[in-house]
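The next block holds one structure in the form of structure tokens; read it before the comments.
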Amino acid sequence: METLSARIAKVSVWLILILMLVIVTDVTLRRWFVIGSTKLQELEWHIHGALFLLCLGWAYTKNAHVRIELFSEKLGPCSAAAIELLGCCLFLLPYVGAILLFGYDYTAFSVEYNEASASATGLPYRWIIKSVILIGFALLGFAGIARLLEAIVFLFGPKPLAEKTSFMNRPQHTTGAS
Amino acid sequence: MEGFAEILPLLMFVILIPFLFSGFPVAFVLGGVGLGFWLLAVSLGLENPNSFFLVISRIYGGVISKLVLVAIPMFIFMGTMLERSGIARDLLNTLQLMTRRIPGGLALSVTIIGVILAATTGIIGASVVMMTLLALPVMLKKGYDIPLATGTIAASGTLGILLPPSIMLVVMADLLSTSAGGLFMAAIGPSLFLAMLYMGYIFIRVWHNPALAPALDEPDAENQALSTSMILRSFVPPILLIAVVLGSIFGGYATPTEASGIGAFGALVLAFIKRKLTFPILQDVLEQSALTTTMLFGLFVGATAFSYVFALLGGHDLIIHLMELTGTGPWAILTLLMIVVFLLGFFFDWIEITLIILPVFAPVIAKLDFGTHLSDPSLTVSWFAILMAVNLQTSFLTPPFGFALFYMKGAAPKGVKLKDIYKGVVPFVLLQLLGLITLLLWPDLALWLPRTLTE
């Protein structure tokens, strides 16, 4: 499951490059050819949305989400695994679950009414980006379950298996907060 | 029962704080606590069991479909790409040669580079780490006072969060429903003022005690002669990029989103010209940018869920009510907010503070009236945002939990202790406060530029 979310994310990072090209095209058309395109502008935020939603789970696996490590950095790997276990059960999974549950209705609603952009010249098929919310959060859920299982193996599993989990070597932050 | 429902929004914060310190990702803690309180409200019959639906539509409408926020991944990519293309290294080498006869020249160069990097990348982690790696070893070798050297690098590196194009200002503009371009303009004055304060401080310290920062008069083996072409080669590309990006926004030719796309493209072209554009580097830059973007937006989505539940439970009315109850004027509210943000800065980063605090106080801020203190009352929100921004920039520097200090510790040579770094930032934190107070008393420091440009 972790590999799935990582694979999808590794492909999605190229969206940055595509986004850049779309903006450059949009600006060129708008300034020099005076063809403003609502479609291109809407495409820009569609791509941006897809970019971060599809990377949510991968960023969790890579430990890139901000944590307040003031106290937790002094804790041993066992406490860290316990916090991860509780955190996934108490926060991450219910949160993902609620978004998926209510998001499903939200997207279904959009499909049913064949919702399109409020602007006449905008993009059709609003349900596409809305279903990306579901996919993104589902991937985050997968990453959360993977991490939860890992924490369980580390805390209660047999020793040789436990040593293979990421809790043995405390993962470092992969990005700084901008 | 009645009373309990009323304090529910406050209870959200009381519950949130210990969980934030658990070390579990803030984005999910926010989402989880928001959801928990919503469930509590539903079970108490205070909320309709379908209203979480609104949270989703809020995430969609307030985060995903906002065109201005698209600028954020682009600016992040631009900064990360420029960092990899070795622009800072060239700049530092050149400036080091230019200022070698001035006492404290290296420290002054670091501040100048801080400003230039800030205007191109605006990524604190990158600027601080880069300057620590490049400049700190040289400064130590020349016998610089360690706290002076570390303080200069840490403070100059954090200018990026304030000086446009800054992702923090884009986020603030969105939360306060004001224009990002306007905030960019308003941030120029205060950030240059702060840079001048730093330089003035360094100059005076070194003037009094030259031993703190010996001049680099003896030529090193690596010190080549200073040539005009070297100056041009290192200064022109970043300055040109800054001019294009900021110029097009300020001149009204492009929205911040459009300018960010052009800037990202420019950074890519620059890397190509410098022959730094290989496939592995590009892949790595893309992945780093995506992770940073996701980190920020993951938190954005979580904070949206949290603050929307807060609003559903009547939190905004409660805050306004409490403010009225204390019967204090706008100045007291503003000062109180500033002190709270400053104190929060000791433990939290700008992202958490902005995304959690700003939505809560936004309705209050819009109502503040400072009478004739501001030449143009329509600029109250801009002024407030910049005050907040200067304050939050300080949060990077305040021990024990300043991000800039940790980045620096991670990249510094072994001999530099965390104690030296803490000691080094103290005078700079005081300078930050001086800047903040100046801006409080003299709003035109920020507002002069946007007012003049829009006229």
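We name chains A, B, ... by the order of the sequence lines, and we start the count at 1 in each one.
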Full working for side-chain contact (heavy atoms from CB on, under 4.5 Å) between A:Tyr95 and B:Val301
CA-CA 11 Å; A:Tyr95 172 51; B:Val301 170; 3.3 Å; yes
Pairwise distance [atom1]([X]) to [atom2]([Y]) - rounded to 0.5 angstrom:
X	Y	atom1	atom2	answer
A:Cys88	B:Phe24	SG	CZ	4.0 Å
A:Leu90	B:Leu35	CG	CG	11.0 Å
B:Leu296	A:Phe52	CG	CZ	9.5 Å

Could you tell me which portion of A:Leu53 (side chain, backbone, both or neither) has an atom closer than 4.5 angstrom to a non-hydrogen atom of chain B?
side chain
Applying a strict 4.5 Å limit to non-hydrogen atoms, the region of A:Phe137 in contact with chain B is side chain
Flag the one option from B:Val129, B:Leu39, B:Thr294 with the top tally of heavy-atom pairs under 4.5 Å to chain A.
B:Thr294
Identify which of B:Leu69, B:Val55, B:Leu299 forms the greatest number of heavy-atom pairs closer than 4.5 Å to chain A.
B:Leu69
A:His48 and B:Phe297 aromatic ring geometry - parallel, tilted or perpendicular at 30°/60° bounds:
perpendicular
In terms of heavy-atom pairs under 4.5 Å with chain B, the winner among A:Val96, A:Leu56, A:Leu86 is A:Leu56
With side-chain contact (heavy atoms from CB on, under 4.5 Å) as the test, would you mind laying out the steps for B:Phe19 and A:Phe91 before giving the verdict?
CA-CA 10 Å; B:Phe19 284 122; A:Phe91 301 125; 3.5 Å; yes
Just grab all the side-chain hydrogen bond (donor to acceptor under 3.5 Å, both in side chains) pairs involving residues 30-42 of chain B, residues at least two apart or on different chains.
B:Trp38-B:Ser51
Sub-4.5 Å side-chain heavy-atom contact between A:Leu101 and B:Phe52:
no
side-chain contact (heavy atoms from CB on, under 4.5 Å) between B:Ile59 and A:Ile99, intermediate numbers included
CA-CA 10 Å; B:Ile59 290 170; A:Ile99 300 263; 3.7 Å; yes
Give a yes or no on whether A:Phe102 atom CZ has more than 12 heavy-atom contacts from other residues, nucleotides or ligands under 6.0 Å away.
yes
